[in-house]
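Naming: A, B, ... by sequence-line order, numbering from 1 per chain. Note: hydrogens, waters and symmetry copies are ignored here, and every other heavy atom, side chains too, is used.
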Protein chains: 2
Amino acid sequence: MTERNVISLDKIKVACRDCSLSALCLPMGLRPEDVDRLHAIVKRNRPLQRGDNLFRAGEPFRHLFVVKTGAVKTFTQTNDGDEQVVGFHLPGEVLGLDAIQDGQHGCSARALETTAICELPFERLEDLSSNIPSLQHQMFRLLSKEISHDAEMMALLGRSTAEERVASFLLSLSERFKRRGFSATDFFLSMSRQEIGSYLGLALETVSRLFTRFQDDKILKVERKHVQIIDIDRLRAMVTHQTDAERHRANPST
Amino acid sequence: MTERNVISLDKIKVACRDCSLSALCLPMGLRPEDVDRLHAIVKRNRPLQRGDNLFRAGEPFRHLFVVKTGAVKTFTQTNDGDEQVVGFHLPGEVLGLDAIQDGQHGCSARALETTAICELPFERLEDLSSNIPSLQHQMFRLLSKEISHDAEMMALLGRSTAEERVASFLLSLSERFKRRGFSATDFFLSMSRQEIGSYLGLALETVSRLFTRFQDDKILKVERKHVQIIDIDRLRAMVTHQTDAERHRANPST
DNA sequence: CGGAGATATTGATCGAGGTCAAAAAACTTC
DNA sequence: GAAGTTTTTTGACCTCGATCAATATCTCCG
């Protein structure tokens, strides 16, 4: 995390008070008065406990949700009964973007631990972004970012080995924790092996085996739900897939 | 497709002339004058030939693209050289949505056959949607739909067998052709087995084998790139994954 | 604290699908 | 239409990770 980012994150923290709206405020920067207008429509939810549903698939869509603290999983159900995890949502991340299109949630969301949530009435958010071009732009970016992320995930699921998937998953968590000011090398997994496996298209046993293998190889220290990344470079080296855009950023001459 | 939608689709066809902007005009229906304003910013591209690039990963993003006729694939490159197909785009479908967030394309796009494209300057589209709330709404829906679609794809790649993936792929094509007024049971695959395999996370040999198996089972007739679906119900039965939302729509009592 | 239920680890086995290889069919180009 | 290239099909084999099973560890609660 660069010095600059720390500063702007702090600024936003003040501007957005204790509510994690930085996804919407950052990084184009709304004017302070626009941030206030955004805040005016935010509802606060009572905290969710582990296992509580935030919403269920099929329910009408009225609000976007932003995770303040804690963690949430989103999932659908396969018709053979068990659940398919489609995403994990950490502080500052937005839920419900898939539901805009047809006015009902396409997946369910459930708290993985004690979790605080902000609620944004979508109609009012739309009205607001009609009047605040930079907010509209930010909304487009937010949705687009989700699409990019999903494309990366599809590439990962489409062609990678189990090792690559687990490494990539850990790196993704690391990145996201870092971005929110938590430790990038030392964090808790609030989701079970089962849930990680479901998300990565692997059996829970495979996830467990890879965790122990990474530990044996001195890449990680895993103690149940607590992960400590020891050699992040070896972890990065496992992830072979690299988008052209990433390559281009790393070496613009090619 | 409900009666109401059919009607509005026809209206749009007229309103949008020969240019496939229905993705943006549909289904909330812009007022005719707004459709005109939208048309005013559309650029027409010269036709692409098979193999021509529409854009490349890393290039600056200025336009959204809509396929008028033909077909396009989007792909990234893995660092072991070969390409990873992330999507196929048929007439009426929009490309470039993943590039809004950081102003550069995250994947490359290449024509699979002779293809006509419309070009929408994104900045002007943003200006326009600030002024036309229903267009803004439509843009949000468009982006959201992409996210839903990606989530479905992730679920497919995460847990399904090869059989399920290929069946699902064919059904998806069938749906999309149907929606655009082409035959739902009789169509050309403009992409190679290689490209299908890459997209579905399978080896090209596996795709080929499944095509012949489906043909032996009298579910399809496949002749090189021409597919004819004979028993679409057996194909549907293979796709076990069903989102809660779908289940809810099918049987709202549960 | 102790017992019950959930969650994680580890081992053994097996099969779906990947990989390699070769032939066949289709498309290209002169 | 012949020669060369690309794409597809089909076969044989093998590997990675799923599945089944047993044990260990954690967590929750009385």
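In terms of the salt bridge (Lys or Arg N to Asp or Glu O under 4.0 Å) criterion, A/Glu175 has no residue partners (sequence neighbours excluded). Every residue two or more places apart in sequence or in another chain was checked for a salt bridge (Lys or Arg N to Asp or Glu O under 4.0 Å) with A/Arg50, and none qualifies. With sequence neighbours excluded, no residue forms a side chain to side chain donor-acceptor pair (under 3.5 Å) with A/Arg224. Taking the side-chain contact (heavy atoms from CB on, under 4.5 Å) definition, one finds that A/Asp98 meets it with A/Cys107, B/Ile147, B/Ser148, sequence neighbours left out. Scored by the side-chain contact (heavy atoms from CB on, under 4.5 Å) test, B/Ala71 finds B/Leu90, B/Leu112, B/Glu113, B/Ser190 as partners (sequence neighbours excluded). Here B/Asp52 pairs with nothing under the salt bridge (Lys or Arg N to Asp or Glu O under 4.0 Å) rule; sequence neighbours left out.
Under the 3.5 Å distance criterion, the side-chain polar atoms of A/Ser108 are matched with a main-chain donor or acceptor of A/Ala57. Using modelled atom types, no side-chain atom of B/Arg110 and backbone atom of B/Thr74 make a donor-acceptor pair closer than 3.5 Å.
Contact check for A/Gln228 versus A/Leu220: no side-chain heavy atoms found under the 4.5 Å cut-off. A 4.5 Å side-chain heavy-atom check between B/Asn45 and B/Phe65 finds at least one atom pair inside the cut-off. Put simply, the side chain of B/Lys221 does not reach to within 4.5 Å of the side chain of B/His226, judged on heavy atoms.
If you check residues 191-202 of chain A against DNA chain C, the residues with a heavy atom closer than 4.0 Å are A/Ser192, A/Arg193, listed by number. A heavy-atom distance below 4.0 Å to DNA chain C is reached by these residues of residues 217-228 of chain B, ordered by number: B/Arg224.
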In residues 207-217 of chain A, what donor-acceptor pairs under 3.5 Å come from side-chain atoms, sequence neighbours left out?
residue: A/Thr212; atom: OG1; partner: A/Ser208; partner atom: O; Å: 3.3
residue: A/Thr212; atom: OG1; partner: A/Arg209; partner atom: O; Å: 2.7
residue: A/Arg213; atom: NH2; partner: A/Glu163; partner atom: OE1; Å: 2.2
residue: A/Gln215; atom: OE1; partner: A/Val222; partner atom: N; Å: 2.9

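Put simply, CG on A/Leu204 is 10 Å from C1' on D/dA18, counting in whole angstrom units. For A/Gln49 and D/dC28, the CD to P distance is 12 Å, given to the nearest whole Å.
When the local axes at the two ends of the helix from C/dC1-D/dG30 to C/dC30-D/dG1 are compared, using 5 base pairs at each end, they differ in direction by 50° after rounding to 10°.
Under the 6.0 Å cut-off for aromatic ring centres, B/Phe61 and B/Phe55 do not qualify, their centroids lying 6.0 Å or more apart. Separation of the A/Phe88 and A/Tyr199 ring centroids falls under the 6.0 Å cut-off.
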Would you list the protein and nucleotides 10-16 of chain D atom pairs, both N or O, that sit under 3.5 Å from each other?
residue: D/dG11; atom: N7; partner: B/Arg209; partner atom: NH1; Å: 3.0
residue: D/dG11; atom: O6; partner: B/Arg209; partner atom: NH2; Å: 3.3

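Nucleic acid contact for B/Arg165: none, since no nucleic acid atom lies under 4.0 Å from a heavy atom of the residue.
A 4.0 Å heavy-atom criterion places the boundary nucleotides of DNA chain C facing chain B at C/dG17 to C/dA26, written 5' to 3'.
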Inset, instruction - List the steps and the verdict of side chain to side chain contact (heavy atoms under 4.5 Å, CB included) for B/Val85 and B/Glu83. - result: CA-CA 6 Å; B/Val85 175; B/Glu83 72 181 42; 4.1 Å; yes
